[in-house]
Protein chains: 2
Amino acid sequence: MANTNGPTRERIKEEAYLLLQEKGLAGLSMRALADRLHIKAPSLYKHVGDKEEIIADLQARGISEFAAIIQQAGKSKKSKALAYRKWAKENPHLYEVTLRTPLLRSRIPSGLEEGVTHMIIEITGKDHEHARAVWALMHGLVDLEIAGRFPENADLDKTWKRAIELIG
Amino acid sequence: MANTNGPTRERIKEEAYLLLQEKGLAGLSMRALADRLHIKAPSLYKHVGDKEEIIADLQARGISEFAAIIQQAGKSKKSKALAYRKWAKENPHLYEVTLRTPLLRSRIPSGLEEGVTHMIIEITGKDHEHARAVWALMHGLVDLEIAGRFPENADLDKTWKRAIELIG
DNA sequence: TTAATTCTGCTAACACTGTTAGCCTTGAGG
DNA sequence: CCTCAAGGCTAACAGTGTTAGCAGAATTAA
């Protein structure tokens, strides 16, 4: 077999990202990933330790994207909150792997998580406890919405409006 | 083989509940469940349609338990909130299958979910939107706590206190 | 009582999952 | 030119949910 153009670690992780976005976390199998790279699954292990490494990379990517989205949003808490919701709804699979999957702390660049925490505190303008409560509220809303936990006829725009009032 | 004492559907689901509580959702496999009942995995399908039916039953059970816990708690929003947290922390596996797993609506007794929604609205004493925001806040806090998403040194008692103030 | 049928266990198997062992070809460096 | 590592490959293992088909026991019918 021609060895030209073998997939580098970066290439693999990029393709994992695309596969995640297309097929979701359940569709992200080592064999499906290998198929995209036109190699067989065991060959992936020549470039990557295990699947956790790929998941951890996606989590890091999710955290970074998330941070960027929030920072780019308007300055008000309201627009930050709505940006959070919008990003989550547009990237449900990335949201799932990043925020609904146990965080692989030891395999994620240190400082990433702390950076986000710090950012939230800055936005809320108050202390750690308040920031955590705000984050929990946003996360809870998104999580229940993505999971289809609210009834069909629920007016979630209104619900978010109310939630934002709570943290005003 | 003696056919006396074959596991009924109820017996299977009870054992599934115990297995879940002991080993968690990941440990709840058809083979492990069958082992407990001293039969082989394929035999389970003589009593149960598929694994989803078992999961749906556990979700129904989780919802019922949850409703009971909240109702038994003190009347104040604070004690209801703390009861929510306590129950979730004491039954993390049941919480996972009930609230962190896609709800199998079509396989759950109708009215169960609506009953809980109604209950929350009664407690908050306001409208649907407010009730949903409150629920999202509680769920978000529990979800992030169970997932180990808050840093080690976080004072979650304080965080909950703050959260309760938000919905006061 | 005997015959027929249903119930409920079993084994073997299939398609999937992540992962390891071991082999072999290709390309690069001394 | 030879060596050696890089990076493919197949075969395999243990695990998952699930189905097909068989066999014996229990229940029902004649």
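Only heavy atoms go into these numbers, but all of them, side chains included; no hydrogens, no water, no symmetry mates. In what follows, chains carry the letters A, B, and so on, assigned in the order in which the sequence lines appear, proteins first and then strands, with residues in each chain numbered from 1.
- Whole-Å rounding puts the Met30(B) CE to dA15(C) C1' distance at 17 Å.
- Along DNA chain C, the nucleotide nearest to Gly49(A) and the one nearest to Ala26(A) differ in position, and the one closer to the 5' end is contacted by Ala26(A).
- A ring pair (Phe, Tyr, Trp, His ring centres under 6.0 Å) with Phe66(B) is found for exactly one of Trp87(B), Tyr95(B), Trp135(B), namely Trp87(B).
- When the C1' atom of dC23(C) is taken as reference, atom NZ of Lys40(A) falls 17 Å away, rounded to whole Å.
- Residue side chain Lys46(B) reaches the base of dG9(C) through a donor-acceptor N/O pair under 3.5 Å, judged by distance alone.
- At whole-Å resolution of the value, CD1 in Ile39(B) and C1' in dC7(C) are 13 Å apart.
- Between the NE2 atom of His139(B) and the CZ atom of Arg149(A) there is a distance of 8.0 Å, given to the nearest 0.5 Å.
- As rounded to whole Å, 17 Å separates atom C1' of dG7(D) from atom NE2 of His38(A).
- Heavy atoms of Ser29(B) sit under 4.0 angstrom from primed sugar atoms or phosphate atoms, though from no base atom.
- Leu44(B) places its CG atom 11 Å from the C1' atom of dT18(D), with the value rounded to the nearest Å.
- In terms of heavy atoms, Leu112(A) sits closest to Ser64(A) at CD2-OG, 3.8 Å.
- On a pure distance criterion of 3.5 Å, a polar donor-acceptor pair joins the side chain of Arg31(B) and the base of dG17(D).
- The nearest whole Å value for the distance from the CG atom in Leu33(A) to the P atom in dG8(D) is 12 Å.
- With Gln59(B) contributing its side chain and Leu104(B) its backbone, the two residues share a donor-acceptor pair below 3.5 Å.
- A salt bridge links Asp50(A) with Arg107(A); the closest basic N to acidic carboxylate O contact falls under 4.0 Å.
- Checking dG17(D), dG18(C), dC10(C) against the side-chain heavy atoms of Lys51(A) singles out dG18(C) as nearest.
- Contact annotation for Leu28(B): backbone-only contact, meaning every heavy-atom pair under 4.0 Å involves sugar-phosphate atoms and none involves a base.
- In this structure, the OH atom of Tyr45(B) is 9 Å from the C1' atom of dT19(D), given to the nearest Å.
- Computed from coordinates, the Leu25(B) CG to dT16(D) C1' distance equals 13 Å when rounded to whole Å.
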